[in-house]
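Written below as structure tokens is the structure these notes are about.
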There are 2 protein chains.
Amino acid sequence: MVESSKGRGNARRILNSSSQRVTAQRALLLELLRHSSRHVDADDLYRRARKKNSRISLSTVYRNLQLFKKLGLIEEHHFDEEHHHYEVKSGTEHQHLLCTSCGKVVEFACPVSWKLRRDIGKQYDFDITGVEVRMTGLCPSCRSKENKTIPDRS
Amino acid sequence: MVESSKGRGNARRILNSSSQRVTAQRALLLELLRHSSRHVDADDLYRRARKKNSRISLSTVYRNLQLFKKLGLIEEHHFDEEHHHYEVKSGTEHQHLLCTSCGKVVEFACPVSWKLRRDIGKQYDFDITGVEVRMTGLCPSCRSKENKTIPDRS
DNA sequence: GTAATTGCAAACGCTTTGCCCGTAT
DNA sequence: ATACGGGCAAAGCGTTTGCAATTAC
């Protein structure tokens with residue numbers, strides 16, 4: 001896979017170019033972030049990292065997530081109430097649709113948000129720096145499951 | 001104000017009608033929620049409540065916030081990463097605009113969200129249950145402050 | 001060599017819970 | 001009378017921090 005070697009190169013380049021030291025842990029975490037499902041939490045990442053380096057610590061994961069966030073490599077989301085989710089920043093603007101039952105996250109394009117941003121900014125005299133649209137609902141597969149498993153709602 | 005006597009009556013009625021006991025603490029909290037600024041956190045509410053009843057405990061505040069949420073009286077928001085904010089449910093649909101500097105919360109109407117809801121729901125075959133639009137930015141007064149207090153950006 | 005980074009464990013802030021006593025019904 | 005709700009203190013959770021040892025530069 002050309003992808004993965006490229007990814008590793010990128011990790012190193014990104015860290016170097018921001019004059020951050022390239023440690024094994026950092027390279028690993030960056031690598032994992034780039035190749036895992038788009039939305040992870042600290043513990044996900046920690047568990048995955050331990051498979052490759054069993055001595056890595058949770059605090060290292062947290063510290064580096066903060067670093068990556070500061071470097072603008074990832075974004076932090078507060079989807080549910082409990083803990084944070086992280087997502088590698090992609091060029092493409094998108095919003096999130098979450099299934100309240102299985103937690104699945106779907107990304108969707110939302111061009112309207114730009115118009116909204118302009119309009120609301122002007123209306124309230126704010127310098128808008130971000131727009132987030134979050135929709136919640138039941139995904140197709142959870143909907144059909146629910147129809148089967150809750151036959152008696154007496 | 002007629003509003004306030006009505007409010008107290010409502011608190012009692014609401015609790016009674018859902019067969020919850022009307023305790024002094026519940027009535028007080030409900031009262032405070034209805035008459036304080038629209039977005040509070042548990043500690044805000046706790047501090048306010050203590051002024052009227054110095055023996056009330058923080059856990060009572062939390063327990064009742066959960067109850068009120070379950071009864072559909074209030075909504076829980078996760079504006080910033082730290083803690084939750086609560087808002088008395090109003091009939092009118094609205095979205096939130098937050099100042100990243102002073103934390104001010106502005107509510108705005110967003111009729112587009114309905115169209116969005118329909119469109120995205122259909123597109124991804126989700127049963128949409130909620131749409132949240134959150135914008136962040138700098139409010140007018142913080143913007144002008146910033147211009148004054150950061151003259152040297154050498 | 002030296003400053004940045006790690007692992008560990010302890011602390012953190014917000015929230016929840018167990019227990020026993022008090023109170024609304 | 002009795003089950004529900006309260007106060008208190010302790011535990012829980014995800015996250016952060018202090019520190020000594022380690023590592024990249």
Taken to the nearest whole Å, CZ/A/Arg26 to P/D/dT22 is 19 Å
Over how many whole Å does the gap from B/Leu58 atom CG to D/dG12 atom P extend?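 Between P of D/dG12 and CG of B/Leu58: 18 Å.
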Determine, step by step, whether A/Val61 and A/Leu29 satisfy the side-chain contact (heavy atoms from CB on, under 4.5 Å) criterion, reporting the C-alpha distance in whole Å, the side-chain angles of both residues, the deciding distance to 0.1 Å, and the verdict. CA-CA 7 Å; A/Val61 173; A/Leu29 291 174; 4.1 Å; yes
Nearest to the [X] side chain among [options], which nucleotide is it?
{"X": "A/Arg21", "options": "C/dT15, C/dT6, C/dT5", "answer": "C/dT5"}
{"X": "B/Thr60", "options": "D/dG6, C/dT6, D/dT15", "answer": "D/dG6"}
{"X": "A/Gln25", "options": "C/dG7, D/dT15, D/dC25", "answer": "C/dG7"}
{"X": "B/Ile56", "options": "C/dG7, D/dG7, D/dT15", "answer": "D/dG7"}
{"X": "B/Ser57", "options": "D/dC8, D/dT16, C/dT6", "answer": "D/dC8"}

Give the residues of residues 45-55 of chain B touching DNA chain C, defined as any heavy atom closer than 4.0 Å, sorted by residue number. none
Salt bridge check, A/Asp44 against A/Arg47: does any charged N sit closer than 4.0 Å to a carboxylate O?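 Yes.
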Separation of B/Leu33 CG from B/Leu65 CG (nearest 0.5 Å): 6.5 Å
Categorize B/Asn64 for me: base, sugar-phosphate, or nothing, with a 4.0 angstrom heavy-atom threshold over every strand shown. sugar-phosphate
Given 3.5 Å as the limit, does a donor-acceptor pair link the side chain of A/His77 with the main chain of A/Glu75, or not?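 No; zero donor-acceptor contacts below 3.5 Å.
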Of A/Ser59 and B/Tyr62, the one whose nearest nucleotide on DNA chain C sits closer to the 5' end is A/Ser59
Does any part of the side chain of A/Ile128, heavy atoms only, come nearer than 4.5 Å to the side chain of B/Leu97, both counted from C-beta? yes
Please find out if less than 6.0 Å separates the ring center of B/His78 from that of B/His84.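 Centroid distance B/His78-B/His84: below 6.0 Å, so yes.
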Taking N and O atoms by type only, does the side chain of A/Arg63 place a donor or acceptor under 3.5 Å from a partner on the base of C/dG7? yes
